[in-house]
Amino acid sequence: MVEFSLPRGTMDFLPEEMAQRRYVEDIVRKTFESFGFQEVQTPIFEEFALLAARSGEEIREGMFTFMADEVEYALRPEITAAVCRMIVTGKIDLPKPYKVYYLGPCFRYEEPQAGRYRQFWQAGIELMGSQSPMADAEVICVGAKTLENVGITLYRLKVGNIGIFRGILEDAGLDLENQNRIIGNIDGIMSTREKCALIAEKSELEIDDKTYIKTYLSMLYDLQMSLISEGVESFGKYEILPSALENLASWVEKMPIVMEQTYRAAWVAEGVPEKTVDLLLEVSKVCGPRSEVMPTAQTLLKGSAVEQSLQELDEVLTYLEAYGVSNYEVVLGVARGLDYYTGTVFEFDVPLLGAQKQVCGGGRYDRLVEEFGGLPTPATGYAFGFDRIVLSRLLIKDIPTPRKVDVFIAVVNESLDQNAVRISQDLRERGFKVETEMTQRDLKGQLGYASEIRAKYCVILGPKELKEGKVMLKNLETEEQAPVLLEELAEVMKEGNVPENEPEN
RNA sequence: UCCGGGAUAGGCUAGUUCGGUCCAGACUGUAGGACUGUGGAUCCUACGACCCCGGUUCAAAUCCGGGUCCCGGACCCA
């Protein structure tokens, strides 16, 4: 016999899991819809060129691709691009702003990890046609409310504005490609800072932590060596020596700083002005509550071209508070992996989830629709990792599964099968969920099954009662039972009780 | 691709340290019976497993080598 296995990185959902997912899904939809977002659906595959438009060829290895009719396609890794395509191809005839949402499977060809699959579900919203900071604030608010409505309050919300980095880099004369690369580096520094801070909380290094530190030491060592061979004099106290591996623990604290200094040297070697580099690093460190962060940032960025982005961020925060969302942190270093963001960017984390803790990410992408050939359309939105939301909710609190059926119809002997079917159909029409016996078990077995599937009632058909136009109705929760006239059956069950037991004769 | 850990009946697992006491034990499940018109109980019976290939050995679930798959983590995360 051939044994087939589940494709790597995919999952089957059993009835109980489906019920849990459906429960969360309903809340997500209701929340989206309460803000006026309407559902759309796009194909699960698109032309590869569309999906890769903003990120180049190298994205290929992260996608499932295939050829058909001499066109290259890929399973969608996210849905924003498809929504933009939908706008551009012009089928949409809605008044602006467009407020749409989606929920569906996406695919990435990656190594699975906890909370990370090759087929995963994304739920997201896009708000197109408004350039107001209010739109950003609303989108963030929908994110916060969705999590709260699902029952997840232990989240962390980081808000920033990628326009600040872009502005600084543009000032220094860097083109988009170089901007993206350096922003990517900063993203790396940010995540290393965060990871090291997490490790620092532990009393002892775990194996994975050691591996992490070794990997980065060697990466930075190589980078430093190649910079030195290109003429960088030395890294002074930030230089990584071959003896570094001897005391790994000491690097938990030093690593982020060394990483900054190494990238600093690399950027300077590329010709980025030192002033720009220092500013970038300073800005990336700015984080905390609004009241502390904004003054610092204003001083730091005074007189530069990015004051406008900062202003924009401030307005978003003002609106956000009007929406009742104040449990955020301002993190100017939020970079997001995505190249297409132009302004506001934000992330929601649920630390409970461990390594893959990001449940939501999004921001403003004012150029994407235009780049796909549409009219210039300001847009903002985000996507949730739906699976991670379900996971978070389950870690916090169990989700009760609804009962399979209200009524099970048992028969004393097979000759009554057709009566059972007729009664079941009648009850279904009256709104009950009903299941009928069909395995020829004895009555004991049938009752056992009925209680196992947690049916509330069992209707027992037997010749004795049927002769009088009655059936035996048993409440499986209270164990009460009594004969009931067929025509009164639905009524009695709706009232939720069973008449007093009749004395046996 | 790299680094850790793992794989025993349909499910969850004991046993692996230190080879023999294990033709592998428990619980659950399924089927039947005690009980031919009344259920989550109890008892009895049956069914059912050491991931694959090779090696060491008188003897391998256990040790060694290779592989496959799973679970974490790194990279990546558009």
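Computed from a predicted model, the values in this text were never measured in an experiment. A, B, ... follow the sequence lines: proteins, then strands. Residue 1 opens every chain.
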Distance in angstrom units between [X] [atom1] and [N] [atom2], rounded:
X        : N     : atom1 : atom2 : result
A:Glu61  : B:C77 : CD    : C1'   : 12 Å
A:Lys444 : B:U42 : NZ    : P     : 11 Å
A:Lys210 : B:C2  : NZ    : C1'   : 18 Å
A:Ile213 : B:C75 : CD1   : P     : 13 Å
A:Glu452 : B:U28 : CD    : C1'   : 11 Å
A:Leu14  : B:G29 : CG    : P     : 18 Å
A:Asn475 : B:U38 : CG    : P     : 19 Å
A:Leu443 : B:U38 : CG    : C1'   : 5 Å

Quiz item: Could you give the distance from CD (A:Gln418) to CG (A:Leu461), rounded to the nearest 0.5 Å?
Solution: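 Rounded to the nearest 0.5 Å, the CD-CG separation comes out at 12.5 Å.
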
Could you check whether the side chain of [X] and the base of [N] have a donor-acceptor pair of N or O atoms closer than 3.5 Å, going by distance alone?
X        : N     : value
A:Lys464 : B:G37 : no
A:Lys474 : B:U38 : yes
A:Gln481 : B:U38 : yes
A:Glu477 : B:G40 : no

Hey, are [X] and [Y] close enough for a salt bridge, meaning a charged N less than 4.0 Å from a carboxylate O?
X        : Y        : value
A:Arg403 : A:Glu477 : yes
A:Asp136 : A:Arg364 : yes
A:Glu347 : A:Lys158 : yes

Practice problem: Find which nucleotide of RNA chain B each of A:Leu6 and A:Gly445 is nearest to by heavy atoms, and output the residue with the more 5' nucleotide. | Solution: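 Counting from the 5' end, the first nearest nucleotide belongs to A:Gly445.
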
Quiz item: Does A:Pro77 or A:Arg8 map to a spot on RNA chain B nearer the 5' end, using the closest nucleotide for each?
Solution: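 Comparing both residues, the 5'-ward one is A:Arg8.
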
Counting the atoms with a prime plus P, OP1 and OP2 as sugar-phosphate, which does [X] contact under 4.0 Å by heavy atoms, base, sugar-phosphate, or nothing?
X        : result
A:Ala355 : sugar-phosphate
A:Pro463 : base
A:Leu476 : base
A:Gly62  : base
A:Tyr216 : sugar-phosphate

Pairwise [atom1] distance for [N] and [M], with rounding to whole Å:
N     : M     : atom1 : result
B:C58 : B:U68 : C1'   : 32 Å
B:U16 : B:C23 : P     : 16 Å
B:C22 : B:A61 : P     : 13 Å
B:A34 : B:G19 : P     : 50 Å
B:U28 : B:G40 : P     : 14 Å
B:U30 : B:A41 : P     : 11 Å
B:C2  : B:U21 : C1'   : 43 Å
B:C50 : B:G15 : C1'   : 10 Å

Quiz item: Between A:Tyr449 and A:Glu437, is any side-chain donor less than 3.5 angstrom from a side-chain acceptor?
Solution: no

Quiz prompt | Side-chain H-bond candidate by donor/acceptor type, A:Thr401 with A:Gln20, under 3.5 Å | solution =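 Per modelled atom types, A:Thr401 and A:Gln20 side chains form no pair under 3.5 Å.
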
Quiz item: Do the ring centers of A:Phe107 and A:Tyr109 come within less than 6.0 Å of each other?
Solution: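 No, they do not, as the ring centres are separated by 6.0 Å or more.
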
Can you tell me if the side-chain N/O atoms of [X] get under 4.0 Å from OP1 or OP2 in [N]?
X        : N     : value
A:Tyr212 : B:G4  : no
A:Gln113 : B:C3  : no
A:Arg108 : B:C76 : no
A:Lys195 : B:G73 : no

In terms of side-chain heavy atoms of [X], which of [options] is nearest?
X        : options             : answer
A:Met472 : B:U38, B:G72, B:C3  : B:U38
A:Glu465 : B:G40, B:G37, B:C70 : B:G37
A:Arg116 : B:C76, B:G40, B:U38 : B:C76

Quiz prompt | Pair assignment for RNA chain B - dot-bracket with | for other-strand partners, Watson-Crick or G-U under 3.5 Å | solution = (((((((..((.(......[....).))((((((.......))))))...(((((..]....))))))))))))....

Self-check item: Qualifying residue, where the test is side chain to side chain contact (heavy atoms under 4.5 Å, CB included) with A:Val405 and the options are A:Ile453, A:Thr436, A:Val434
Solution: A:Ile453

Quiz item: A:Tyr382 vs A:Phe384 aromatic rings, parallel, tilted or perpendicular, using cut-offs 30° and 60°?
Solution: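 The arrangement is perpendicular - the two ring planes meet at more than 60°.
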
Practice problem: Please report the shortest heavy-atom distance between A:Lys433 and A:Lys404, naming the atom on each side. | Solution: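 Reported closest heavy-atom pair: CD-O, 3.8 Å.
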
